[in-house]
Structures are given as structure tokens and as C-alpha cells.
Amino acid sequence: MANNILEGKCCSCGAEIQKEIDRSINVGLKPELKDKVFSGEIFVSECPSCGTKNLMVFDCLYHDPKERFMVWLVPSRQLDMNQIQAINYQAKSMGEYKLRLVTGFRDFIEKTMILDAGLNDRCIELVKYVEAKEMGAEMGQLFYCGIQDSSLMFYAIKDGKMTSFGIGMNVYEDCMGILMRNEGMLEEEGFARIDAEWVEEFMA
Ligand SMILES: [Zn+2]
């Protein structure tokens, strides 16, 4: 976590790219970082040689002291479960903080947006699960991307094409009811991974 210069090569021309990064994203101290996370800009580096925008994902911790949550991004290739367990052990004393662990940059952006909006991310995973079942066809992974006209907005990427659609808040309310009736689904301990796999454990 020490090095704050990220190095990579341009995907288009191969030139060296150096980017100054902040692995600790505290939006209480630096509120301007919030939009950069939501837009994904934080992971984009422009090549100094050809101008191509490169995606450069790095491990980082998003911390919102006001809304009391943290989202930790550890790219899959860097995931070390022993380290996670050690940190989870310390995290038990974090009180009513919501702590989340994600391994993909889209999940990281989605998770911070959900918790920033004051939504329940377990409920959002359930909404996605229910919706995917309803649509039947292979939709690919769904991602929450905001609220519009009192609908929850989601997008999916299938064969490189992005589609977005809204889901009524009534579905969210129904899923909240399911959560409340299933105590096991509400347990909090350490940096939890609340994702499609998590919801399938309960619904399968
Ligand atoms: Zn380049």
C-alpha cells in the first residue's frame, strides 16, 4: 500500500504511464474524490504519448466517515484471504460501520454508490437476483447505477453492449421484507462480501 505512483503501459502504444494515486479515499477529508469514484475517473489514466485512456485498477479503500461505511477494493489477483482474515479480526471493533470487500472495479463503484445513497446493499443484491430470475435470459451481471424518477437504475453488459433499465422501488420494498424475515441475511462481521454469490447462498 506504500507506493503512491502507479506504473503501467499504454494498451494502445505501449508507452510508460505513471499515475499518482490515492489508495486511501476518505471522502470526509476529500469530498471531491467522490465524483471521481462514481464516474470511474479514478481508474482512468491518459497516455502522455498518444492520449489513449487506459483503465488502471489498483487496491484502495473508500471511507465515508459521515455515512459510516468503508469499501475495500482488492483486485482478485491480489486477494490474500489470510490478510483479509487478520484485518477482519481488527475490524470487529468498528461498531456500526458497514464494511465491504469487493474484487472488481465495477463492483467497487457500484457498492460505494449504493451505500452513499443510503440504500441497503443486501437488498440491492436481492433485487438483482429476483430481476435476473424474472428476465430469464442470460442478462450478464447487473450493476446499480443510481436513482431516476423514483426507480432504481441498473445496467448490464452483454457481448460488449450496455443496456440500462429501471426497477420500481416497490421491488426494493418487497426485497426488504424478505431480508427482515431472514435474520441470517442481516449478519455483519468484518469486511463482508455482499454480492451475487452471497445472495445465491441463501436463495439456492
Ligand atoms: Zn499510448
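Note that ligands are numbered from 1 as they come in the structure, with each ligand's atoms numbered from 1 the same way.
- Protein N/O/S atoms found under 2.8 Å from the Zn ion (ligand 1): C10 SG, C13 SG, C47 SG, C50 SG.
- Here the two rings, on Y155 and Y144, have centers that are 6.0 Å apart or farther.
- D159 contributes no side-chain N or O that, together with a main-chain N or O of K161, makes up a donor-acceptor pair within less than 3.5 Å.
- Residue pairs that meet the ring pair (Phe, Tyr, Trp, His ring centres under 6.0 Å) test with at least one member in residues 7-41, sequence neighbours left out, do not exist here.
- Residue pairs meeting the salt bridge (Lys or Arg N to Asp or Glu O under 4.0 Å) criterion with at least one member in residues 99-121, sequence neighbours excluded, are K34-D116, R100-D121, R100-E188, E110-K128, K111-D121.
- Annotation: ring pair (Phe, Tyr, Trp, His ring centres under 6.0 Å) contacts of Y172 (sequence neighbours excluded): none.
- Between H63 and Y97, the two ring planes are tilted [angle within 30° to 60°].
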